[in-house]
Peer 1: 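My questions all concern the structure below.
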Amino acid sequence: MAGRVRRCAYIFCAEPLPVASRGDKRFGTPTCKQVDRWRRRRHQAEAVAIGLWYALGVETEHVVRCPACGKRFALGHGHRRDTRFCEPACRW
C-alpha cells in the first residue's frame, strides 16, 4: 500500500497521519480522538432516546406520523431528518 495517505478518522479533521505512525493509529491528535468520542456518545444517546420515544408512542420532532398512511416512524436513523413520508410509495 505504498503511496496511500492515511487520514485522521475524525470526520471534521481529515488531516494526514504521520508516515511513520503505527498501523492502528486512527486519530492525528488527542483532541480529535476526544471530540470524536463525544460526538459518538451524543449520537448514541440520541438514538436510544428516539427508540424510547418510538416505543412509548411519544411524538416529537424525531418521531413523526406519515401524512399519507398515518404510520409513525423515527427520523434520523434509517430515514433522512427532513423526510415527510415513511416510504417512497406514500409520496404518490
Side-chain angles (χ1 to χ4, degrees):
M1 297 233 247
R4 178 175 169 230
V5 177
R6 294 179 33 230
R7 301 201 173 269
C8 181
Y10 178 51
I11 61 172
F12 296 115
C13 176
E15 291 290 323
L17 295 177
V19 177
S21 64
R22 292 174 33 176
D24 61 348
K25 184 174 177 83
R26 295 184 54 222
F27 300 99
T29 64
T31 304
C32 287
K33 185 175 184 176
Q34 184 73 28
V35 173
D36 188 68
R37 184 179 298 138
W38 289 340
R39 186 185 63 81
R40 288 179 186 273
R41 284 184 182 166
R42 188 172 56 244
H43 177 78
Q44 183 179 15
E46 182 184 76
V48 168
I50 289 171
L52 286 174
W53 293 331
Y54 185 81
L56 295 174
V58 177
E59 290 194 24
T60 65
E61 66 273 4
H62 297 291
V63 179
V64 296
R65 193 170 295 275
C66 178
C69 68
K71 178 180 166 187
R72 290 177 43 251
F73 65 100
L75 297 176
H77 297 276
H79 291 278
R80 289 176 43 155
R81 289 181 184 260
D82 62 347
T83 191
R84 291 179 41 215
F85 301 100
C86 64
E87 297 177 359
C90 290
R91 286 186 283 165
W92 307 109

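One-based numbering along the sequence shown.
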Peer 1: Run the numbers on Glu15 and Cys32 for side-chain contact (heavy atoms from CB on, under 4.5 Å), then give the verdict.
Peer 2: CA-CA 10 Å; Glu15 291 290 323; Cys32 287; over 6 Å; no

Peer 1: Under the ring-ring contact (aromatic ring centres under 6.0 Å, His included) rule, collect the residues that match up with Tyr10, sequence neighbours excluded.
Peer 2: Phe12

Peer 1: In sequence, state the C-alpha distance, the side-chain angles, and the governing distance for Phe73 and Val63, and then conclude on side-chain contact (heavy atoms from CB on, under 4.5 Å).
Peer 2: CA-CA 6 Å; Phe73 65 100; Val63 179; over 6 Å; no

Peer 1: To the closest 0.5 Å, what do you measure between CZ (Arg26) and OG (Ser21)?
Peer 2: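 Going from the CZ atom of Arg26 to the OG atom of Ser21 covers 13.0 Å.
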
Peer 1: Atom OG1 in Thr31, atom NZ in Lys33: separation rounded to 0.5 Å?
Peer 2: 12.0 Å

Peer 1: Measure the spacing between SG of Cys8 and CG of Asp36 and express it to the nearest 0.5 Å.
Peer 2: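 So the gap between those two atoms works out to 7.5 Å.
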
Peer 1: Would you give the length of the straight line joining atom CZ of Arg84 to atom SG of Cys86, rounded to the nearest 0.5 angstrom?
Peer 2: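 One finds 12.5 Å between CZ of Arg84 and SG of Cys86.
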
Peer 1: Counting only heavy atoms not in Arg39, do more than 12 sit closer than 6.0 Å to its CZ atom?
Peer 2: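 Result for CZ/Arg39: enclosed.
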
Peer 1: Quick check: closest heavy atoms across Ala14 and Arg7, and the distance to 0.1 Å?
Peer 2: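 Ala14 and Arg7 have their closest heavy atoms at O-NH1, 3.1 Å.
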
Peer 1: Is it the case that one hydrophobic cluster holds both Trp53 and Leu56, taking links as side-chain heavy atoms less than 4.5 Å apart, direct or via other members?
Peer 2: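 Trp53 and Leu56: one cluster.
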
Peer 1: Does any part of the side chain of Cys69, heavy atoms only, come nearer than 4.5 Å to the side chain of Glu87, both counted from C-beta?
Peer 2: no

Peer 1: Heavy-atom distance under 4.5 Å between the side chains of Arg37 and Arg41, does that happen here?
Peer 2: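 The answer is yes; the side chains approach within 4.5 Å.
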
Peer 1: Considering residues at least two apart in sequence or located in another chain, which fulfil the salt bridge (charged side-chain N to carboxylate O under 4.0 Å, His left out) criterion with Arg65?
Peer 2: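 Once residues adjacent in sequence are excluded, the partners of Arg65 under the salt bridge (charged side-chain N to carboxylate O under 4.0 Å, His left out) criterion are Glu59.
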
